[in-house]
Colleague: 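I'd like to ask some things about the structure below.
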Amino acid sequence: MSAMARPRPRVAAAAAATAAAAALALTGCSSSGSSGNGADQVGFVSVKDTNISKAEPGHRVEAPDISGETLDGGQVKLSDYRGKVVVLNVWGSWCGPCRGEADDLQRVWTKYKDQGVQFLGINTRDSEKTNAVRFEQEKGVTYPSIFDPAGSQLLKFPKGSLSMQSIPTTLVIDRDGKLAARAVGGTVDDALESILQPVVAEPVK
């Protein structure tokens, strides 16, 4: 190969980094029903022809006690809401399906927040907090979100429950802090209520 044809190291490295980032963005923001391997390990059973999975009482596993700084500068951990049904939504301002579902999530939150339900977001892969804050302002989101740009809190979830390549994902966590249901990809209010309402209706122990 001549000197003229040999790629310069810095240019080649930059091109590789750009290609890797593009691939991550494409695979990371998915509206498909794929959830990765091992879903049976957490008790989830897929609902036919949907992006929804459910775990019956007695077959649920504990959700990790995620925690962190919220987008408004507060501190929160999942165990703060023990005794409530928690809807946990993983999202990013860079993700199209996340934008598509934001209005529906807010509507369901407004409807259920006085029924022992708490919504909590995990914002991930937003390098600048300002982008995530602007997203919430534009969409009128009023529930808190943990700022988790590196995905450190997502990695705490048991295998098969939450894939970092399937964003957005919404999890329903029962009053005992266990994973009860999941919707992979963007969700609408009717679909979200279909997995939330049965958990809300479960008897309080």
Side-chain angles (χ1 to χ4, degrees), residues 25-64 66 78 81 84-113 115-125 135 139 141 143 145 151 153-154 156-203:
L26 287 171
T27 59
C29 188
S30 169
S31 59
S32 73
S34 175
S35 59
N37 296 325
D40 57 332
Q41 297 179 23
V42 290
F44 285 135
V45 176
S46 297
V47 177
K48 187 177 180 181
D49 298 326
T50 74
N51 64 343
I52 289 171
S53 302
K54 300 179 181 180
E56 295 300 324
H59 297 277
R60 298 171 183 171
V61 301
E62 194 84 13
I66 58 170
L78 183 60
Y81 305 126
K84 291 188 174 184
V85 176
V86 178
V87 175
L88 184 69
N89 177 253
V90 184
W91 64 279
S93 68
W94 43 269
C95 170
C98 300
R99 291 187 169 276
E101 71 175 3
D103 293 339
D104 292 87
L105 289 167
Q106 178 62 30
R107 277 195 294 271
V108 178
W109 160 236
T110 301
K111 180 176 179 179
Y112 283 87
K113 64 182 179 179
Q115 300 182 41
V117 174
Q118 175 65 48
F119 274 46
L120 177 64
I122 304 180
N123 170 258
T124 190
R125 298 217 300 271
F135 175 101
K139 292 296 184 178
V141 175
Y143 52 85
S145 279
Q153 299 306 303
L154 302 183
K156 295 180 179 180
F157 282 83
K159 182 180 179 181
S161 62
L162 182 60
S163 170
M164 293 184 70
Q165 281 69 49
S166 296
I167 296 174
T169 291
T170 301
L171 296 169
V172 177
I173 301 168
D174 68 19
R175 295 184 184 91
D176 295 322
K178 295 183 177 181
L179 300 171
R182 177 185 62 201
V184 179
T187 187
V188 295
D189 45 12
D190 289 347
L192 178 54
E193 286 195 69
S194 76
I195 57 175
L196 174 60
Q197 181 56 44
V199 182
V200 173
E202 290 174 359

Colleague: Ignoring hydrogens, what is the shortest heavy-atom contact between Asn51 and Gly185? Give both atom names and the distance.
Modeller: ND2-O, 4.0 Å

Colleague: Of all the heavy-atom pairs spanning Ser53 and Phe44, show the shortest one and how long it is.
Modeller: CB-CB, 3.7 Å

Colleague: How many angstroms lie between atom CG of Leu179 and atom NZ of Lys54, to the nearest 0.5 angstrom?
Modeller: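 Those atoms lie 15.5 Å apart.
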
Colleague: Below 4.5 Å, heavy atoms only, C-beta onward: do Leu162 and Val90 meet side chain to side chain?
Modeller: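 Yes, at least one pair of side-chain atoms sits under 4.5 Å.
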
Colleague: Taking the side chain as everything from C-beta on, heavy atoms only, tell me whether Ile52 gets closer than 4.5 Å to Ser194.
Modeller: yes

Colleague: When you look at Glu202 and Lys178, which way does the salt bridge (charged side-chain N to carboxylate O under 4.0 Å, His left out) test go after all the steps?
Modeller: CA-CA 13 Å; Glu202 290 174 359; Lys178 295 183 177 181; over 6 Å; no

Colleague: With respect to Asn89, which candidate in Thr169, Asn123, Thr170 satisfies the side chain to side chain donor-acceptor pair (under 3.5 Å) definition?
Modeller: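 Looking at Thr169, Asn123, Thr170, the match for Asn89 under the side chain to side chain donor-acceptor pair (under 3.5 Å) is Thr170.
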
Colleague: Rounded to the nearest 0.5 Å, what separation is found between the CZ atom of Phe135 and the CZ atom of Arg99?
Modeller: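 Result: 5.5 Å between the selected atoms.
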
Colleague: Got Lys113 and Tyr143 here, is their nearest side-chain heavy-atom distance under 4.5 Å?
Modeller: no

Colleague: Would Leu78 and Val86 satisfy side-chain contact (heavy atoms from CB on, under 4.5 Å), going step by step from the backbone distance to the final call?
Modeller: CA-CA 8 Å; Leu78 183 60; Val86 178; 3.8 Å; yes

Colleague: To the nearest 0.5 Å, what is the distance between CG (Asp190) and CD1 (Ile195)?
Modeller: 12.0 Å

Colleague: Starting at CZ of Arg107, measure out to CD of Glu193 and round the result to the nearest 0.5 Å.
Modeller: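 Going from CZ on Arg107 over to CD on Glu193, the span is 10.0 Å.
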
Colleague: Minimum heavy-atom separation for Trp91 to Gly121, with atom names?
Modeller: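 Closest approach of Trp91 to Gly121: NE1-CA, 4.0 Å.
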
Colleague: Just how far is it from atom CD1 of Ile173 to atom OH of Tyr81, taken to the nearest 0.5 Å?
Modeller: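 It is 11.5 Å, given to the nearest 0.5 Å.
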
Colleague: Minimum heavy-atom separation for Ile66 and Lys156, please, with both atom names.
Modeller: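 In terms of heavy atoms, the two residues are closest at CG2-CD, 4.4 Å.
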
Colleague: List the residues meeting side-chain hydrogen bond (donor to acceptor under 3.5 Å, both in side chains) with Asp103, not counting sequence neighbours, and say none if there are none.
Modeller: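 Here no residue qualifies.
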
Colleague: Looking only at non-hydrogen atoms, find the nearest pair between Arg175 and Val85 and report the distance.
Modeller: CG-CG2, 3.9 Å

Colleague: Should Leu192 and Trp109 count as side-chain neighbours, where that means a heavy-atom distance under 4.5 Å?
Modeller: no

Colleague: Quick one, Gln197 and Tyr112 - any side-chain contact, counting heavy atoms below 4.5 Å?
Modeller: yes

Colleague: Can you name the nearest heavy-atom pair linking Asp104 to Asp189, along with the distance?
Modeller: OD2-N, 3.1 Å

Colleague: Scan Val188, Leu196, Thr187 and name whichever one has a side-chain contact (heavy atoms from CB on, under 4.5 Å) with Val108.
Modeller: Leu196

Colleague: For the CG atom of Leu154 and the CE atom of Met164, what is their distance to the nearest 0.5 Å?
Modeller: 5.0 Å

